[in-house]
Amino acid sequence: MKNQAHKPTNPEQSIHSTNGFIPYQNIPVYEEQEEWNYQDILGLLQRRWLVILGVATTLMTGIAINLILNPKPAEYESRFQMLIEPIDQSTQVVDLVQKGNPFLSNRSNLDYESQILVLRSPELIDNSAKRLAAIYPYIDYNYLLNSLRIGRVGQTKIIEVRYRSQDPQESKTVLDEISQDYLQYSKAKRRTNINQGLDYINRELPSLQNRVDQIQREMQIFQQKYDFISPETLTIQVATQSSGFIQKQQALEQELAQARANYNFLQSEEGTKALLDSYPVYQQLNDELRQLDIQIISASTLFQEENPNIITLREKRNQLVPLIEEESERYIRTSRAEATSTLNSLELSKQELQRNQQILDQQRQQLPSLIREYTEIQGRLQLATEALSRFLSTREILQIQFSQADLGWQLIQAPGLPQAPVVSSSMVRDLIVGLAASVFLGMGAALIADKLDNTYHNAWSLKERVNLPLLGTLPFSKELQRGELKTVKTEKSVSELSTSLKEGEASLGTYPINFIEALRVLYTNIQLLNSDSQIQSITLTSAMAGDGKSTIAFHLAQIAAAMGKRVLLVDGDMRRPSVHRLSNLNNLWGLSNLITSNLPFEKVVRQLPQMNAVSIITAGPLPPDCAKLLSSEKMKRLMADFHKSFDLVIYDAPPVVGLADASLIASQTDGLLMVARIDKTDRSVLERIVNDLKIAPINLLGVVANGQKGNVSSYYYQQAR
């Protein structure tokens, strides 16, 4: 019996599948995302097309009926166009002055939106309304305002005025009166603008003259304070001094590097040895020491160790060794002190040079500031002088234009008598707007319905929300939902069936190829979960009834058998068993009989008629207490015998909600596999169950998405990304 959880030792190397699932250990925690992409929108349209079509059709029908029952009367529209910015630009003279003056550049060109509001104001339209009331008594200011349309033609300098009425002559007459009032208004406005321009220039000229004088005095004070002749002279002087300091610094750095190298060399054993080798006194003492050693060796061959000559020679040697050590240490200290003194002297020279360099850097840093200040003063003086000249020139131009005749706005298209009504285009526009609004409201209703739906709409959302490996995605099959696909109806042997699966035949019996491939991917992913040893027993369950876990367990057993495995399918759902119906077997003897009696399990095991490699144990008669039987020691011994006799044992367990049966079975197997039904499984129930199972002593292998509609391969591609 296997109680230990099987975990992949190297998920990146041990798991390679066409749907690209990720092992549970490396999956990050995903938060629910509200961002939508085009695939989400297409999925929403596919799921809720009936809602969208129903809402849009209902609204569009109401709009069409309203337009038919309440048709608009025929209306005629007349229009005229005016050029409101003349070519001579006399109305823009103040703006031209401001563009050239950096101190007065806060005003913009003509504001067309404000101008249109002025043209719709009572000041301009009320006089026209009073004159038109003599011909058309029902016309007043509010009547004209509701029928008048004023707008700018694109980004041009042209304003178009339109008027719509049921009488074509009225449309033309009204616009004739209004156009004449607009032209008179423009003439008066243009003369007023020229006067305002002259007044503005006369007010600004004294301040500009004073500013020019002020900047000239500021330039004179600056040159006297800093003795500033020209930026070029100061730049050359500072550059020459900087070049001299750089040369001195380079020479000093070379000396300092050599002194540091000498100092570090003297600190090492190699340097100490070389230093002593070059010291004559040390060499002389070493020679004396070697002579004494030779004498001691010679005397030792002739005399005993107690001989006075040998004792005397050894005493001399003992006195000479401390003397050599003392002399060598003194010489080393002296040499190192000299190296340290030289290094410190060079460091002080470097610091002095750096201080001088800092003084020069300060001068060099101040130079750009002085040049910038000089350039700024010079630039301000130039701008102020140019502005003063421009104001004087513009004043002369305005004085000439004021004495000349002005044209004002130009009427480039006079009002015409309309010949055809415009109701048809309005009706088409209303229909188009109604259609767009209907579709938009239909999509809104579909979105609301989708938000209220607490199920998973595709395998990708299931994987993200439950935070478990997605081991397989089974496509939606109408035949499978009706129970038509039960067994592989073929006379091929197990080896032939395995070969057919590998070669990817279009169909086997009544199975569609995408369903077979999805089951093979699921089986392969399960086997690759553990790189040390293959998984030999799994428990299939679901959160709720009707998710298809029994069907998947039944077909997975056939796929495993087709891959060359000896498979046992055990119906552990002794509350609502279904394996016997899928396999066309009776349920007289089954798992409940094995647990409650001493029958050997070989008596209860039966082979699938169309595939002998698949053995099945049905649930048997329904017991009064299923949980008690599943938790018994007899059940554990039976499961151990199953695992020894077959390559793979698949347990079909009841749903987890409200029942302990699945947990009791899964705790004795290599892992638990959850099945979720797309567009059916309740998200809150499944996610709560998954969280509870993660803290239980059960190896939660992953999740299987059942009933995926559309192209399953597209979800494989999404996961691989």
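Please read these numbers as outputs of a predicted model, since none were measured by experiment.
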**Study point:** Candidate pair Lys130 and Asp126, rule salt bridge (Lys or Arg N to Asp or Glu O under 4.0 Å), full reasoning
**Key:** CA-CA 6 Å; Lys130 291 178 181 179; Asp126 198 41; 3.6 Å; yes
Practice item. Could you tell me whether Glu687 atom CD has more than 12 heavy atoms of other residues or ligands within 6.0 Å of it? Key: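 Enclosed.
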Nearest heavy atoms of [X] and [Y], plus distance in Å:
X      : Y      : value
Leu673 : Gly702 : CD1-O, 3.6 Å
Ala518 : Pro475 : CB-CD, 3.7 Å
Leu462 : Ala705 : CD2-CB, 3.7 Å
Val657 : Ala543 : CG2-O, 2.6 Å
Pro415 : Asp176 : CG-OD1, 3.3 Å
Arg677 : Gly546 : NH1-O, 2.8 Å

Practice item. Kindly assign one of parallel, tilted or perpendicular to the pair Trp409 and Tyr185, based on the angle between their ring planes and the thresholds 30° and 60°. Key: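 Rings of Trp409 and Tyr185: perpendicular, as their planes differ by over 60°.
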Is a donor on one side and an acceptor on the other found under 3.5 Å between the side chain of [X] and the backbone of [Y]?
X      : Y      : result
Asn706 : Thr473 : no
Asp167 : Gln169 : yes
Thr394 : Phe391 : no
Tyr76  : Ser171 : no
Arg131 : Ala134 : no

Practice item. Kindly determine whether Ile158 and Met82 satisfy side-chain contact (heavy atoms from CB on, under 4.5 Å), including the steps that lead there. Key: CA-CA 5 Å; Ile158 299 174; Met82 292 187 305; over 6 Å; no
Point to revise | Pair Glu218-Arg380, salt bridge (Lys or Arg N to Asp or Glu O under 4.0 Å): steps then yes or no | key: CA-CA 11 Å; Glu218 185 178 351; Arg380 287 191 286 113; 3.0 Å; yes
Do the non-hydrogen side-chain atoms of [X] and [Y] ever get within less than 4.5 Å of each other?
X      : Y      : answer
Gln155 : Tyr112 : no
Leu468 : Lys694 : yes
Gln378 : Leu381 : no
Val703 : Val690 : no
Ile377 : Ile215 : yes
Ile150 : Leu148 : yes
Leu205 : Leu392 : yes
Glu204 : Ser207 : yes

Exercise for review: Using the side chain to side chain contact (heavy atoms under 4.5 Å, CB included) rule, pick out the option among Ile178, Leu119, Asp181 that qualifies with Leu124.
Suggested key: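 Running side chain to side chain contact (heavy atoms under 4.5 Å, CB included) over Ile178, Leu119, Asp181 with Leu124 returns exactly one hit, Leu119.
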**Study point:** Evaluation steps, side-chain contact (heavy atoms from CB on, under 4.5 Å), between Ser78 and Tyr163
**Key:** CA-CA 6 Å; Ser78 182; Tyr163 181 81; 5.6 Å; no
Review point. Which is it for Gln708 and Leu474 under the side-chain contact (heavy atoms from CB on, under 4.5 Å) test, yes or no, and what are the steps along the way?
Key: CA-CA 6 Å; Gln708 173 63 57; Leu474 301 183; over 6 Å; no
Report the distance from atom [atom1] of [X] to atom [atom2] of [Y], rounding to the nearest 0.5 Å.
X      : Y      : atom1 : atom2 : value
Leu522 : Glu517 : CG    : CD    : 12.5 Å
Met674 : Thr541 : CE    : OG1   : 5.5 Å
Arg162 : Arg79  : CZ    : CZ    : 5.5 Å
Leu132 : Tyr141 : CG    : OH    : 14.5 Å
Arg164 : Arg149 : CZ    : CZ    : 7.5 Å
Thr156 : Leu83  : OG1   : CG    : 8.5 Å

Check your understanding: Between Leu388 and Arg390, is a side-chain contact (heavy atoms from CB on, under 4.5 Å) present by the stated rule, with each step listed?
Key -> CA-CA 5 Å; Leu388 179 61; Arg390 192 180 299 108; over 6 Å; no
Point to revise | Distance-only donor-acceptor check, side chains Gln81 and Glu160, under 3.5 Å | key: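 Indeed, the side chains of Gln81 and Glu160 share at least one donor-acceptor pair under 3.5 Å.
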Point to revise | Ion pair Glu170/Lys172, N-O distance below 4.0 Å | key: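 Not counted as a salt bridge, because no side-chain N and carboxylate O are separated by less than 4.0 Å.
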